[in-house]
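Below is one structure, written out as structure tokens, with a few remarks after it.
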Amino acid sequence: MRSMSAKNRNRVLSIIGLAVGLAIWEVIGRLELSPAFPPVTAVIGAITEVWTSARFLDALRESLISIAIALPPSLIFGIGVGLLVGRYRPVEWALDPLINTFLSLPLVALIPVLFLIFGLGRGSILATIVIYTFFIVVVNTAAGVRTTDPQIVEMATSFGAGEQQVMRRVVLPSALPLMYAGVRIATGRAIRAVIIAEQVIGLIGLGGLVQRLGGAFAVEQLYAVILFIGLFGLVSMEAVTAVERRALPWVIAPEDTEPAFQGA
Amino acid sequence: MIEIEGIGRRFNTRDGGSFEALKDVSFSVKDKEFFSIIGPSGCGKTTLLKMVAGLVKPTAGRIDIDGQTVIGPGEDRAMVFQQFVLLPWADILTNVGFGLELRGMSRKESREAAKPYLEQVGLTRFAEHYPHELSGGMQQRVGLARALAVGPDILLMDEPFGALDAQTRQLMQEDLMRLWEVEQTTVIFVTHSMDEAAYLSDRVLVMDTHPGRVREILDVPLPRPREESTRRSPVFNELTSHMWHELRGMMGDPTLPAPE
Ligand SMILES: Nc1ncnc2c1ncn2[C@@H]1O[C@H](COP(=O)(O)OP(=O)(O)OP(=O)(O)O)[C@@H](O)[C@H]1O
Ligand SMILES: [Mg+2]
């Protein structure tokens, strides 16, 4: 266990690291070596302007709507399928090849296929989010199910629990820590997925905005949007962790629950 | 009354053969009796107890409880496990009520109904703690309270104090005696400790091994209530040395503690 002072020291080191990084960026920007590296001060200057512009807020709303439509059902079905895969061997045998294929494929390669199927619109964006999140939740939930202590199952059985009760009262709570780890990763991946898919279309959402700003060589604004996406991802995953801490009081440090599979 | 009639159990082995863990075991346990089972490691004590619990099916013979053949777990029985087996995600009160919850009570009702049992084992102030915050002895008290809470006629205990240190173990034995005298349940108690068997029981089944069989059933003619002084009486010492002699004869098992 890390002591408080070590934690503080780590924090100080992070801040120093960040400061040095920003300083180097600033110097490179000032040297005007490349139009891709505007000075960091110029980017920070662009932030307020960009983050409050109607264009940005519209794009953000579009991206959020896609995530809000696709992520919850993907998580719910992923958890459901993961519970079955983890508990029942025949289901595992039936679905394992499919799941492993999706986990090892570079998903970017599938995006053109999705666009062929769903067209150049929201449908393809939603499908991208689903393939980026569903399988990750399935494998992590299934791995969580497999951590179930057979002694607890036997104990519950001795008190008369049937399979349904074992599932609900023993297997599900046992699976929760890894399940949450899966949800945390899926949340980060959903943001990645929406940006990638929107970039292909190039018109809507934050991905579309990135694409257009890049095309227009509006580098400062581009960086402002990218920074936002990065921060947004961080904050979302932190939010999931906060929920996790409240929901799993017996797990001492949820962030220590290493996910079974992070995905490519 | 529990009647165990010609029980046998075979397990399949990896090489495709089969292994006889128990063979032709017959005995009966009277109502409200404290009945212990002692025997070398691997002689089938746990398997036998799980059969009474309805968790393992015999491959020969049958078990009748009050004339009804056991086909699975039932409301008349509750088990206490060597490794306590508490739910790490639930607080102590929910753990004690877990058996009741599985038998149809809501979480709220079961927690309420669990309170007197938590009190019986002296852990009321730990009601909202989690299992990992409790010592082994306290965790096993929770395991015991959970079993008592469902109001079983028969308590099945598989080396319940085996994972505890010697002093805690002795305290737990005394507490169990007190509780048993109040609760008036039949107890089948598996143990490795001859002292424990003699101190607690009305009768002790000594098992033989390879395959597991009944070697003998000993009466324990010690007066009740059992007290601290019981452990120093000549009858007690005679009994434990007899068991030691029997068990040592079966196999030089180093896990068997010699009587003090
Ligand atoms: N599910 C199983 N599959 C195969 N063999 C088993 C199974 N359960 C028990 N056995 C075997 O049956 C024998 C009896 O096991 P059991 O656990 O009942 O012994 P025990 O008397 O409780 O031993 P201990 O005192 O060490 O707890 C052992 O040889 C064990 O390996
Ligand atoms: Mg055993």
Side-chain angles (χ1 to χ4, degrees), chain A residues 1 79 82-83 86-87 89 140-141 143-184 240-258, chain B residues 46-47 49-56 70-92 94-107 110 128-134 142-143 146-152 154-158 163:
Chain A
M1 203 165 170
I79 287 167
L83 288 173
R87 180 106 180 122
R89 297 309 291 273
N140 279 286
T141 304
V145 168
R146 292 187 199 105
T147 65
T148 306
D149 180 352
Q151 290 198 78
I152 298 184
V153 174
E154 184 171 64
M155 181 274 290
T157 311
S158 82
F159 281 102
E163 175 62 19
Q164 263 195 16
Q165 279 180 312
V166 168
M167 247 334 215
R168 218 171 99 84
R169 308 265 180 215
V170 180
V171 174
L172 185 64
S174 305
L176 277 181
L178 273 175
M179 208 176 90
Y180 270 107
V183 168
R184 198 167 62 222
V240 176
T241 306
V243 173
E244 195 176 340
R245 268 178 204 280
R246 298 206 50 160
L248 313 176
W250 73 94
V251 180
I252 294 125
E255 74 267 29
D256 289 349
T257 310
E258 282 298 323
Chain B
T46 298
T47 306
L49 200 70
K50 283 184 181 170
M51 285 185 189
V52 180
L55 292 170
V56 171
V70 170
I71 49 165
E75 304 218 339
D76 54 342
R77 284 153 283 153
M79 199 155 174
V80 179
F81 301 84
Q82 177 172 2
Q83 304 300 336
F84 325 138
V85 199
L86 305 180
L87 307 175
W89 55 82
D91 70 8
I92 297 306
T94 299
N95 264 288
V96 175
F98 189 60
L100 293 167
E101 206 179 318
L102 291 174
R103 292 178 187 186
M105 276 193 192
S106 72
R107 173 68 54 92
S110 70
E128 275 158 28
H129 284 61
Y130 283 84
H132 69 88
E133 301 170 312
L134 270 59
V142 176
R146 174 178 64 196
L148 292 176
V150 296
I154 301 165
L155 205 50
L156 304 169
M157 307 181 82
D158 190 6

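Naming: A, B, ... by sequence-line order, numbering from 1 per chain. Remember, predicted model here, so these are calculated numbers, not experimental data. The figures here come from the full heavy-atom set of this structure, side chains too, leaving out hydrogens, waters and symmetry mates.
Heavy-atom minimum distance, F159(A) versus A78(B): CE2-CB, 4.0 Å. When all heavy atoms of W89(B) and P173(A) are compared, the closest pair comes out as CE2-CB, 3.2 Å. In plain terms, the two heavy atoms of R103(B) and S158(A) that are nearest each other are NH2-O, 4.2 Å.
No other option in R146(B), E133(B), E75(B), R77(B) has as many heavy-atom pairs under 4.5 Å with chain A as R146(B).
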Would you give me the side-chain donor-acceptor pairs under 3.5 Å for residues 150-157 of chain A, sequence neighbours excluded?
from, atom 1, to, atom 2, distance (Å)
E154(A), OE1, K50(B), NZ, 3.3
E154(A), OE2, K50(B), NZ, 3.2
T157(A), OG1, V153(A), O, 2.7

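Side-chain atoms of F98(B) and R169(A), non-hydrogen and from C-beta on, do get closer than 4.5 Å to each other.
With a 4.5 Å cut-off on non-hydrogen atoms, L156(B) does not touch chain A at all. With a 4.5 Å cut-off on non-hydrogen atoms, V150(B) touches chain A through its side chain but not through its backbone.
Scanning for salt bridge (charged side-chain N to carboxylate O under 4.0 Å, His left out) contacts around R246(A) gives an empty result, with sequence neighbours left out.
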